[in-house]
Visitor: 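Encoded as structure tokens, here's the structure I'll be asking about.
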Protein chains: 2
Amino acid sequence: MAGEKAHHERCEGHGHAHSPHSDVAAMIECARAFAAARKLPFTEMRARVLTVLAREEKPLTAYEITDRLSVSKKVQAVQVYRALDFLQEAGCVHRLASKASYFACDHEHHPGEAVVFMVCSQCGTVQEAPSDLVAQGLQGAAEHAGFKPAYPIVELEGECARCSETKAA
Amino acid sequence: MAGEKAHHERCEGHGHAHSPHSDVAAMIECARAFAAARKLPFTEMRARVLTVLAREEKPLTAYEITDRLSVSKKVQAVQVYRALDFLQEAGCVHRLASKASYFACDHEHHPGEAVVFMVCSQCGTVQEAPSDLVAQGLQGAAEHAGFKPAYPIVELEGECARCSETKAA
DNA sequence: AGGGAAGTGTAATAGTATTACACCCTTGCG
DNA sequence: CGCAAGGGTGTAATACTATTACACTTCCCT
């Protein structure tokens with residue numbers, strides 16, 4: 001457990017999607033701290049990938065990231081994947097398994113906690129919410145099966161508040 | 001390359017392991033019933049794909065299934081994907097998002113229930129267990145966010161009981 | 001018989017991820 | 001200083017996962 005920077009989140013509230021994070025800087029800082037703790041360099045490429053994700057409202061695929069970065073200077077997917085690996089280790093980017101895409105997050109994720117990713121099937125946005133109940137449920141299931149849990153993937157497909165309203169209107 | 005081992009014991013535990021289902025027949029029956037209910041044919045291809053999965057201890061990718069079926073008669077991946085779509089609708093096959101692979105299951109899944117897939121990172125086997133707590137947790141998170149949940153994906157990466165023991169020995 | 005929904009077989013392609021390798025650049029240390 | 005080692009970069013190639021398109025069949029249905 002390297003010293004994690006305790007930056008607390010603000011993305012709270014109903015229907016508030018994982019919006020274009022205004023505090024890209026804070027996320028960069030988080031990644032930088034992680035790098036420092038491991039004595040690894042926080043390189044240009046890593047910063048660029050994180051910045052693209054942090055500015056985006058919804059998950060992007062590795063190739064979408066590649067395309068955006070390539071506008072300024074030609075980049076290859078493998079470079080993006082490398083940066084994504086790092087950023088995921090740092091905990092500031094998650095992979096959405098159901099969509100094979102990636103998004104930045106500025107929450108602290110504590111070990112033993114379970115975070116639910118709510119993915120809107122209309123607009124594609126992702127909201128995250130920690131859930132103790134889910135954590136307990138996972139823990140219980142694992143215990144009962146003699147299973148040693150490492151990390152959970154909890155994704156909930158559905159329709160976000162905003163899209164529901166829009167349709168109602 | 002993936003030279004294969006002979007690692008065929010039952011992954012037993014407290015909790016059901018997704019073991020080599022002896023009752024392939026029961027699963028076929030389940031799929032057949034679904035087909036009948038929808039007045040759709042339960043075809044040869046569908047039966048073959050389900051049989052391959054049902055005999056297997058762990059999830060297979062669509063291309064692995066394709067290869068196995070191709071031993072007897074050349075088959076193309078797209079045909080397998082079509083069968084998988086059907087079998088997933090029928091509820092007797094699930095897709096493991098984190099591994100992009102598929103496995104047969106012989107549990108009933110009731111709507112509103114949440115099922116946890118516990119995936120062993122050592123041996124690759126999957127155990128499923130329903131969890132009310134997880135279901136409630138998801139429901140709660142969704143409600144709080146004004147999110148209308150459709151279906152959940154809950155995968156728990158870790159180490160199964162058998163692999164833990166093996167390592168201890 | 002004719003029409004239509006559903007499946008099949010085949011080919012081609014799109015989309016996601018990894019491996020391999022040559023090179024660079026910093027750090028540590030003799 | 002020299003230089004080796006670990007990590008990152010850039011480039012090319014390839015592997016793996018999934019879908020689209022289309023021509024053809026089959027079964028059902030009045």
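Chain letters run A, B, ... following the sequence lines, proteins first and then strands; every chain starts at 1.
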Visitor: Applying ring-ring contact (aromatic ring centres under 6.0 Å, His included), which residue pairs with at least one partner in residues 71-98 of chain A are found, sequence neighbours left out?
Guide: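 Those involving residues 71-98 of chain A are A:F34-A:F86, A:H94-A:F103, A:H94-A:H109, A:H94-A:F117.
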Visitor: Does B:R82 have any salt bridge (Lys or Arg N to Asp or Glu O under 4.0 Å) partners at least two apart in sequence or in another chain, and if so, which?
Guide: none
Visitor: Which residue pairs satisfy the salt bridge (charged side-chain N to carboxylate O under 4.0 Å, His left out) criterion with at least one member in residues 90-105 of chain A, sequence neighbours excluded?
Guide: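 As it turns out, the salt bridge (charged side-chain N to carboxylate O under 4.0 Å, His left out) pairs with a partner in residues 90-105 of chain A, which skip direct neighbours, are A:K99-A:E157.
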Visitor: Which residues end up grouped with A:V71 if you chain together Ile, Leu, Val, Met, Phe, Trp and Tyr wherever their side-chain heavy atoms are less than 4.5 Å apart?
Guide: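 Noted: A:V71 shares its cluster with no other residue.
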Visitor: Look at B:E165 together with B:R162 and state whether they make a salt bridge at an N to O cut-off of under 4.0 Å.
Guide: no
Visitor: So, using side-chain hydrogen bond (donor to acceptor under 3.5 Å, both in side chains) as the criterion, who are the partners of B:S98 when residues are at least two apart?
Guide: B:E155
Visitor: Between the protein and nucleotides 23-27 of chain C, which nitrogen or oxygen pairs come in under 3.5 angstrom?
Guide:
none

Visitor: Pairs in or reaching into residues 68-79 of chain A: which pass salt bridge (charged side-chain N to carboxylate O under 4.0 Å, His left out), with residues at least two apart or in two chains?
Guide: A:E56-A:R68
Visitor: Just list the side-chain donor-acceptor pairs under 3.5 Å for residues 132-139 of chain B, sequence neighbours left out, or say none.
Guide:
| unit_1 | atom_1 | unit_2 | atom_2 | d |
| --- | --- | --- | --- | --- |
| B:Q139 | NE2 | B:E143 | OE2 | 3.0 |

Visitor: When you measure from the side-chain N and O atoms of A:T43 to the phosphate of D:dT9, is any distance below 4.0 Å, counting only OP1 and OP2?
Guide: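 True: A:T43 side-chain N/O within range (under 4.0 Å) of D:dT9 OP1/OP2.
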Visitor: Rounded to the nearest Å, what distance is computed from the CZ atom of residue B:R38 to the C1' atom of nucleotide C:dG7?
Guide: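 Value for this atom pair: 16 Å.
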Visitor: Return each pair, listed once, that meets salt bridge (charged side-chain N to carboxylate O under 4.0 Å, His left out) where at least one residue sits in residues 35-48 of chain B; pairs must be two or more places apart or across chains.
Guide: B:R38-B:E89
Visitor: Going 5' to 3' through nucleotides 10-20 of chain C, assign each nucleotide B (protein heavy atom under 4.0 Å from a base atom), S (under 4.0 Å only from sugar-phosphate atoms) or - (no protein heavy atom that close).
Guide: BB----BBBBB
Visitor: Under the side-chain hydrogen bond (donor to acceptor under 3.5 Å, both in side chains) rule, collect the residues that match up with B:S164, sequence neighbours excluded.
Guide: B:E159
Visitor: Enumerate all atom pairs, one protein N or O and one N or O from nucleotides 26-30 of chain D, separated by less than 3.5 Å.
Guide:
none

